[in-house]
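Below: one structure, written as C-alpha cells.
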Amino acid sequence: MLTDYITPADIKLNLESTDKEEVFAELTELLVKKSPGINRSEVLNNLIERENKCSTAVFPMVAVPHAVCTSVKETGIVIGISRQGIEFEPVEASGSLNPIANVIFQIVFEKDNTGSHLNILRDILFVVSKPDFQERILKAQSQQEVYDLLVELES
C-alpha cells in the first residue's frame, strides 16, 4: 500500500516551485530529510534524465516523477501539492497543451528491488483514479488531512 511508504511529514502541502525541475529539487529535500544517505545530485540527475525520456504526467493533474538511484537503500515517496500547478511535457508528442500537474508523487527506488516499482505505481494509479481524488486533495488544509485521504482511498 502507498501509505506504507509515507507519513504526513512526507507531504509538502504548498509547493513553492513554479517549474518541474524546481519541484524535483524541493521534493528531493523531503526525501533527504527522510533518508539522509540519499545523494541529492544523483536523485535530481536521475529524475531529470527519466523525465526527458518520457513525461511522468500520467493522469489529469497528477505527475509521478521517479528514478532508480544507487544511493537509495529503500524506496522513498514524497508528495507535493501545487495549487497553481506545474507544467509537464505532454505524454504524446502530438499533445497541443502541456499537462498541468497539481499533485506530484516523487519516488526514488533502490537499484536492486525492481519488484516494488510496478506495485507502487499501481497503488498510485488506484488512488488517483478515484472520482473525487483531485478535488479532495486540493481542498486539504493539512498534511494529516492529505494522509488521511490517502488512507481512506486505499481502503
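For reference, positions follow the sequence shown, starting with 1.
- In this structure K139 satisfies the side-chain hydrogen bond (donor to acceptor under 3.5 Å, both in side chains) test together with E135, sequence neighbours excluded.
- Identified under the salt bridge (Lys or Arg N to Asp or Glu O under 4.0 Å) test for residues 118-133, with sequence neighbours left out: D132-R136.
- Residues that satisfy the side-chain hydrogen bond (donor to acceptor under 3.5 Å, both in side chains) test with E29, not counting sequence neighbours, are R40.
- Among residues two or more places apart in sequence or in another chain, the side chain to side chain contact (heavy atoms under 4.5 Å, CB included) test is passed with Q84 by T18, S82.
- Using a 4.5 Å heavy-atom cutoff, the side chains of I124 and I107 are in contact.
- Between the side chain of N52 and the backbone N or O of E49 there is no donor-acceptor pair closer than 3.5 Å.
- Looking at residues two or more places apart in sequence or on another chain, you find a side chain to side chain contact (heavy atoms under 4.5 Å, CB included) between E42 and N39, N46, C69, T70, S71.
- Annotation: side-chain hydrogen bond (donor to acceptor under 3.5 Å, both in side chains) contacts of S35 (sequence neighbours excluded): none.
- Panel note: side chain E154, backbone L2; a donor-acceptor pair is recorded below 3.5 Å.
- Among residues two or more places apart in sequence or in another chain, the side chain to side chain contact (heavy atoms under 4.5 Å, CB included) test is passed with Q143 by P8, I11.
- Side chain of K34 to backbone of A9: no donor-acceptor contact under 3.5 angstrom is found.
- Within the model, atoms CD1 of I79 and CD1 of I6 stand 3.5 Å from one another, a figure rounded to the nearest 0.5 Å.
- The side-chain hydrogen bond (donor to acceptor under 3.5 Å, both in side chains) check on E26 picks up K12, S17, with sequence neighbours excluded.
- Listed by chain and residue number, M61, I100, L138 satisfy the side chain to side chain contact (heavy atoms under 4.5 Å, CB included) test with N102 (two or more places apart in sequence, or in another chain).
- Counting only heavy atoms from C-beta outward, the side chains of Q134 and V103 never approach each other to under 4.5 Å.
- If you take CD1 on I120 and OG1 on T75, they are separated by 4.5 Å, rounding to the nearest 0.5 Å.
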Working note: L150 + F133, criterion side chain to side chain contact (heavy atoms under 4.5 Å, CB included); need CA distance, chi angles, decisive distance, verdict. CA-CA 9 Å; L150 294 172; F133 169 79; 4.2 Å; yes
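- In this view, F109 and H117 satisfy the ring pair (Phe, Tyr, Trp, His ring centres under 6.0 Å) rule, not counting sequence neighbours.
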